[in-house]
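In what follows, a single structure is set out as structure tokens and then discussed.
This is a predicted model, so every value here is computed, not measured.
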Amino acid sequence: ESLCDHFHESQTTMDPKEPGYQAVYLRIYKKVVAKVKKELKDNDLWSLYEELELPLVTALAEMEAHGILVDPKKLSVISQELEATMEKLTETIYAEAGEEFNINSPKQLGVILFEKLGLPVLKRTKTGPSTSAEVLEELSDHPIVASVLEYRQVAKLKSTYTDSLAELISPETKRIHTTFNQTVTATGRLSSTHPNLQNIPVRTKEGRRIREAFVAPEGHVLLMADYSQIELRLLAHLSGDQVLAEAFRSGQDIHAQTAAEVFGLDLDEVTDEERSAAKAINFGIIYGISSFGLAKGINLTRAQAQEYIDSYFLRYPMVKVYLDGLVEQGKKEGYVQTLSKRRRYLPNLKSRNYALRSFAARTAMNTPIQGSAADIIKLAMLKVYRALKDAGLKTRLLLQVHDELVLETPLDELHLAAHLVKKQMEEVYPLDVPLKVGVFYGPNWRDVKSFDYEE
DNA sequence: AAGCTCACG
DNA sequence: ACGTACGTGAGCTTG
Ligand SMILES: [Mg+2]
């Protein structure tokens with residue numbers, strides 16, 4: 001961007017083929033490098049650039065070039081099954097509606113559900129009644145709604161994850177080569193495009209079938225390593241809250257411990273429901289808590305949600321001090337920052353518009369946590385990349401999915417690689433609480449089992 | 001191109 | 001009362 005500005009400032013209208021163009025370009029380029037370098041140094045961002053982001057480029061480039069092997073036959077079988085299911089559901093839905101219409105159109109679906117069948121409008125979008133899954137769940141006693149929910153799930157899998165993915169398999173390598181974007185997100189996370197390999201289904205049994213098509217080549221296995229609760233561990237570290245830190249040092253289930261603290265129970269008397277509520281509270285804390293959001297997360301009244309939040313902050317007082325401090329710092333300095341000093345500017349912390357100001361406050365609370373987690377896994381990627389190279393192993397990094405790395409390893413390297421990856425990830429950047437990494441391996445991305453460290 | 005919806009962490 | 005959970009990318013419809 002700066003280079004382009006200088007080109008225009010310099011009124012360079014030269015043709016790239018013209019003699020002397022390269023000299024002009026180089027002169028401007030050097031000026032821009034000096035300017036950007038100074039700006040980074042002045043803002044304490046130079047080491048983030050030089051020691052983290054710049055060397056990471058090489059690791060990401062190799063990951064993209066290597067790609068991940070995908071079995072088109074598996075995708076094709078799944079696609080055909082989904083096609084058949086969709087045809088049946090389509091007929092069922094038309095019969096229940098008493099007419100044919102485009103089920104993929106929220107507008108046409110809305111006419112059927114809310115006008116023809118007279119179902120209640122529970123939520124609106126800018127353009128009309130919402131037909132989102134959240135709304136349809138509430139209305140799913142009606143048979144057509146249950147069918148539409150199932151249709152949506154199947155249609156999503158087919159269009160996004162079977163047909164489109166198959167088209168992106170390279171005929172030369174038989175692999176899918178994503179692009180990892182290093183300069184897209186506001187928090188420092190990576191993103192992935194063409195295709196996005198950071199949102200492959202995992203939460204439902206049907207969806208997980210897609211992962212079976214991501215395979216290791218003959219004589220290899222996929223190795224997966226994911227951080228356990230990295231964002232909450234960072235919250236414990238960054239806030240200095242000793243109750244939360246001690247919870248992680250004890251190694252017990254963090255959500256159950258939160259439930260015990262918030263609801264005043266012994267750890268062994270926490271029910272599944274209480275644990276689930278505590279999990280929603282922990283999510284809320286990371287997202288920048290609001291009683292409205294928490295209430296929506298666990299079907300409470302706002303007043304009850306507020307009581308839970310108050311109770312949480314009573315038990316974890318330093319977390320409240322920390323989160324309030326982030327908003328204050330954001331207002332005073334204009335930005336919040338992550339472990340690596342990465343900044344996010346939040347001018348709306350001073351907005352007179354309540355919605356904009358609240359959004360900025362939640363962002364101020366979330367960005368240092370989400371962004372520091374991104375810093376840590378990026379550093380871990382560098383360390384894993386270098387350690388594999390130093391050890392002379394053939395194991396390759398394939399994917400990063402925010403708190404998880406996916407690698408491909410020759411069977412005879414599995415033991416060494418699993419230990420190396422776990423060690424580099426857990427010891428990457430010592431915090432006040434331990435970082436814990438789960439390691440799994442298998443023939444494909446679905447059928448993985450825990451790597452047993454006795455092996 | 002924008003809006004809605006939904007997949008992931 | 002305001003009006004939201006944080007961060008992404010992609011497919012589909014609509015205009
Ligand atoms: Mg995890």
Side-chain angles (χ1 to χ4, degrees), chain A residues 101-110 123-136 148-149 151-165 167-168 178-181 184-204 206-208 210-211 226-231 235 280-298 302 305 309 323 336 338 344 346 348 351-371 373-374 377 399-405 445:
Chain A
F101 66 102
N102 187 343
I103 308 165
N104 292 324
S105 163
K107 193 175 169 190
Q108 293 181 38
L109 179 62
K123 193 177 155 209
R124 305 195 70 89
T125 68
K126 265 187 252 179
T127 54
S130 170
T131 67
S132 68
E134 184 194 339
V135 170
L136 298 189
V148 168
L149 276 168
Y151 175 92
R152 283 249 178 100
Q153 205 205 342
V154 172
K156 178 81 173 184
L157 287 177
K158 180 162 160 46
S159 68
T160 308
Y161 296 108
T162 60
D163 302 343
S164 311
L165 224 44
E167 287 172 25
L168 287 164
T178 187
T179 299
F180 287 106
N181 308 112
V184 165
T185 70
T187 57
R189 275 189 175 184
L190 299 177
S191 78
S192 159
T193 55
H194 308 125
N196 182 356
L197 293 184
Q198 291 181 319
N199 72 344
I200 301 302
V202 67
R203 292 174 188 172
T204 68
E206 275 303 294
R208 269 197 298 278
I210 303 294
R211 293 192 169 217
D226 85 300
Y227 281 110
S228 161
Q229 303 297 344
I230 188 169
E231 293 187 343
L235 178 63
I281 295 172
N282 281 330
F283 265 105
I285 297 292
I286 288 167
Y287 290 160
I289 196 87
S290 74
S291 56
F292 183 96
L294 180 61
K296 197 160 71 136
I298 44 179
R302 279 190 66 171
I309 294 169
L323 294 175
V336 292
T338 70
R344 182 168 185 177
L346 295 168
N348 282 337
S351 171
R352 287 165 311 288
N353 178 315
Y354 178 89
L356 291 180
R357 194 170 65 246
S358 309
F359 186 25
R362 291 195 299 275
T363 307
M365 297 187 251
N366 172 264
T367 292
I369 300 170
Q370 187 184 122
I377 195 166
L399 304 175
Q400 186 251 47
V401 191
H402 309 305
D403 70 345
E404 165 188 352
L405 300 179
W445 203 5

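- Within the 4.0 Å cut-off from OP1 or OP2 of dG9(C), not a single side-chain nitrogen or oxygen of Thr160(A) is found.
- One cannot find a donor-acceptor pair under 3.5 Å joining the base of dT8(C) and the side-chain atoms of Arg189(A).
- Residue-level contact check: Gly288(A) touches neither bases nor backbone, having no heavy atom under 4.0 Å from any strand.
- Nucleotides dA5(C) and dC4(B) place their P atoms 13 Å apart, quoted to the nearest Å.
- For Phe180(A), the CZ atom counts as densely surrounded, since its 6.0 Å shell holds more than 12 non-hydrogen atoms of other residues, nucleotides or ligands.
- In this structure, CD on Glu167(A) lies 9.5 Å from OG1 on Thr162(A), to the nearest 0.5 angstrom.
- Nucleic acid contact for Thr367(A): none, since no nucleic acid atom lies under 4.0 Å from a heavy atom of the residue.
- Residue-level contact check: Ser358(A) touches the bases, meaning some heavy atom is under 4.0 Å from a base atom.
- Among the protein residues, Thr193(A) comes within range of the sugar-phosphate backbone only, with heavy atoms under 4.0 Å from sugar or phosphate atoms but none that close to a base.
- Between dC6(B) and dG3(C), the distance separating the two P atoms is 24 Å to the nearest Å.
- On a pure distance criterion of 3.5 Å, a polar donor-acceptor pair joins the side chain of Arg203(A) and the base of dG9(B).
- Rounded to the nearest 0.5 angstrom, Asn199(A) CG and Tyr161(A) OH are separated by 3.5 Å.
- Remark: Ser105(A) is in phosphate contact with dT14(C), judged by side-chain N or O atoms under 4.0 Å from OP1 or OP2.
- Residue Asn196(A) is in sugar-phosphate contact alone, with no base atom involved, counting any heavy-atom pair closer than 4.0 Å across all strands shown.
- Of the nucleotides present, dT13(C) is the one that pairs with dA2(B) by Watson-Crick or G-U wobble criteria, both distances under 3.5 Å.
- Within the nucleic acid shown, Asn102(A) comes within 4.0 Å of sugar-phosphate atoms alone, with no base atom in reach, counting heavy atoms only.
- One finds the OG1 atom of Thr367(A) at 6.0 Å from the CG atom of Leu346(A) (value rounded to the nearest 0.5 Å).
- Heavy atoms of Ala374(A) sit nowhere under 4.0 angstrom from any nucleic acid atom.
- Side-chain to base pairing of Gln370(A) with dC6(C): one donor and one acceptor N or O lie within less than 3.5 Å of each other.
- Rounded to whole Å, the distance from OH on Tyr161(A) to P on dC6(B) is 12 Å.
- No donor-acceptor distance shorter than 3.5 angstrom exists from the side chain of Gln108(A) to the backbone of Ile103(A), with no hydrogens or angles considered.
- Summarising the geometry, the separation between NZ on Lys123(A) and P on dT5(B) is reported as 8 Å, rounded to the nearest angstrom.
- Rounded to an integer number of Å, the gap from CG of Asp226(A) to P of dG9(B) is 9 Å.
- Counting any heavy atom pair closer than 4.0 Å across all strands shown, Phe292(A) reaches a base atom.
- Taking atom CG of residue Leu405(A) and atom C1' of nucleotide dC8(B), one finds them 16 Å apart after rounding to whole Å.
- What separates CG of Asn104(A) from P of dG11(C) is a distance of 14 Å, to the nearest Å.
- Across all strands shown, Arg344(A) has heavy atoms under 4.0 Å from sugar-phosphate atoms exclusively, and none from any base.
- Among the atoms of the strands shown, none is found under 4.0 Å from any heavy atom of Ala373(A).
- Backbone-only contact: Gln108(A) has heavy atoms under 4.0 Å from sugar-phosphate atoms and none from a base.
- The separation between Ile200(A) atom CD1 and dA7(B) atom P is 12 Å, rounded to whole Å.
- Taking 4.0 angstrom as the limit, Lys156(A) places none of its side-chain polar atoms (N or O) nearer than this to OP1 or OP2 of dA10(C).
- Among the heavy atoms of the strands lying under 4.0 Å from Ala280(A) is at least one base atom, whether or not backbone atoms are also near.
- Side-chain N/O atoms of Ser192(A) include none lying less than 4.0 angstrom from OP1 or OP2 on dT8(C).
- The side-chain heavy atoms of Ile210(A) and Leu165(A), taken from C-beta on, include a pair separated by under 4.5 Å.
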